[in-house]
Amino acid sequence: MRRAVLFGSGVVILISVLFIFITSSSYKISRDPREIETAIEFWNSRGAEATADYTLKKSKDVDNTKLVYLFVGDTDYQAEAILTKGWNGKYKIESTGQGSNLFRYKTMKTDKGSYVWIMGKNYDLKIDRIKAFFKSETCEMRIPKEEFFIEVCRLKKTDVGVYGYPYKIEVLDDQGSDILQDL
């Protein structure tokens with residue numbers, strides 16, 4: 001009986017040590033903006049020498065997730081990254097994307113709920129609100145009077161998918177007029 005208890009304790013300790021080692025090696029990005037940029041450059045180059053510089057413009061923590069808004073090189077080409085936080089307080093990259101649209105937006109699920117997020121540049125600080133439309137609900141987000149923004153809206157429904165998209169967005173000024181075409 002004593003051998004079984006010792007063996008069981010040894011197995012639990014071994015599994016705990018392996019879990020800590022594997023988790024620590026996966027979640028290794030600190031909160032430092034330069035370290036985040038470097039990790040994203042390495043991730044997007046697939047381990048080869050980085051061919052593009054990323055400049056972090058804004059980040060936002062949502063539950064156990066960090067949303068990061070970046071620019072690629074000296075261009076207006078935008079990128080986003082989604083990082084998750086481990087038990088050690090460090091992050092790992094879950095996904096990245098980039099493109100030439102005016103805004104980056106998707107839905108996401110965290111450990112506490114489903115959200116739609118939108119990030120971008122507030123051109124001439126004209127944007128007051130953005131509405132994201134889904135089949136079963138609409139989310140409205142106030143946009144700060146800052147050059148760059150990341151805004152998040154919690155979704156009531158969770159059937160929008162892990163990385164879904166709203167079927168329509170409206171970009172409104174402070175008068176409530178849709179100004180998307182004017183940007």
Open item on the list: Angle between ring planes, Phe103 versus Phe149, binned at 30° and 60°: parallel, tilted or perpendicular?
Closed with: tilted
- [ ] Indicate, with yes or no, if Phe71 and Leu125 share a hydrophobic cluster defined by side-chain heavy-atom contacts under 4.5 Å among Ile, Leu, Val, Met, Phe, Trp and Tyr.
- [x] no
- [ ] Can you label the angle between the Tyr165 ring and the Tyr105 ring as parallel, tilted or perpendicular, going by 30° and 60°?
- [x] perpendicular
Open item on the list: Tell me every residue that passes salt bridge (Lys or Arg N to Asp or Glu O under 4.0 Å) with Arg154, counting only those two or more places apart in sequence or in another chain.
Closed with: none
Task: Side-chain (Glu80) to main-chain (Val68) donor-acceptor, under 3.5 angstrom - done: no
Task: Side chain proximity check, Val62 to Leu67, heavy atoms < 4.5 angstrom - done: yes
TODO: Using a 4.5 Å cut-off on heavy atoms from C-beta on, say whether the side chain of Ile36 contacts that of Tyr91.
DONE: no
Task: With Lys126, the side-chain contact (heavy atoms from CB on, under 4.5 Å) member among Leu172, Ile143, Ile179, Val171 - done: Ile179
Open item on the list: Could you report the tightest heavy-atom contact between Ile29 and Ala39, atom names first, then the distance?
Closed with: CD1-CB, 3.6 Å
TODO: For the residue pair Tyr54 and Gln98, establish whether any side-chain heavy-atom pair is separated by less than 4.5 Å.
DONE: yes
- [ ] May I ask you to check whether Tyr123 and Glu147 show a side-chain donor-acceptor distance below 3.5 Å?
- [x] no
Task: Spatial distance of atom OG (Ser26) from atom CG (Asn88) [nearest 0.5 Å] - done: 9.5 Å
Task: Gap between atom NZ of Lys90 and atom CG of Leu83 - 0.5 Å precision - done: 13.0 Å
- [ ] Check Val72 against Ala79 and note the closest heavy-atom contact, atom names and distance.
- [x] CG2-CB, 4.1 Å
Task: Minimum-distance pair of heavy atoms, taken over all atoms of Thr96 and Ala81 - done: CG2-CB, 3.9 Å
Open item on the list: The test is side chain to side chain contact (heavy atoms under 4.5 Å, CB included); show your working for Val152 and Val116 and say whether it passes.
Closed with: CA-CA 6 Å; Val152 178; Val116 59; over 6 Å; no
- [ ] Mind running side chain to side chain contact (heavy atoms under 4.5 Å, CB included) on Tyr115 and Thr110 for me, showing each step along the way?
- [x] CA-CA 8 Å; Tyr115 300 86; Thr110 71; 3.5 Å; yes
- [ ] Give the minimum heavy-atom separation between Arg104 and Gly99, together with the two atoms involved.
- [x] NH1-N, 3.3 Å
Task: Distance, nearest 0.5 Å, that separates CE of Met119 from NZ of Lys57 - done: 14.5 Å
Open item on the list: Can you tell me how far apart CD1 (Ile169) and CG (Asp178) are? Round to the nearest 0.5 Å.
Closed with: 8.5 Å
Task: Qualifying side chain to side chain donor-acceptor pair (under 3.5 Å) pairs, either residue in residues 64-77, two or more places apart - done: Asp61-Lys66, Tyr69-Gln78
Open item on the list: Taking the basic N atoms (NZ, or NE/NH1/NH2) and the acidic carboxylate oxygens, is any pair closer than 4.0 Å for Arg129 and Glu170?
Closed with: no
TODO: Enter the distance from Asn44:CG to Ile93:CD1 here, rounded to the nearest 0.5 Å.
DONE: 7.5 Å
- [ ] State, yes or no, whether a side-chain contact exists between Cys139 and Leu155 at a heavy-atom distance under 4.5 Å.
- [x] yes
Open item on the list: I'd like to check the side chain to side chain contact (heavy atoms under 4.5 Å, CB included) partners of Asp128; sequence neighbours left out, ordered by chain and number.
Closed with: Arg142, Lys145, Asp174
Task: By side chain to side chain contact (heavy atoms under 4.5 Å, CB included) - contacts of Asp32 (at least two apart) - done: Ser30, Arg34, Glu35
Open item on the list: Quick one, Lys168 and Lys131 - any side-chain contact, counting heavy atoms below 4.5 Å?
Closed with: no
Task: salt bridge (Lys or Arg N to Asp or Glu O under 4.0 Å) partners of Lys60, counting only residues at least two apart - done: Glu151
Open item on the list: How close do Ser114 and Lys109 get, counting heavy atoms only, and between which atoms?
Closed with: OG-CG, 3.4 Å
Open item on the list: Taking the side chain as everything from C-beta on, heavy atoms only, tell me whether Lys106 gets closer than 4.5 Å to Met108.
Closed with: no
Task: Inter-residue atom distance Leu56.CG - Leu70.CG, 0.5 Å rounding - done: 5.0 Å
- [ ] Identify, with sequence neighbours excluded, every residue that meets side chain to side chain contact (heavy atoms under 4.5 Å, CB included) alongside Gln181.
- [x] none
Open item on the list: With heavy-atom distances below 4.5 Å as the criterion, would you say the side chains of Ile127 and Asp173 are in contact?
Closed with: no
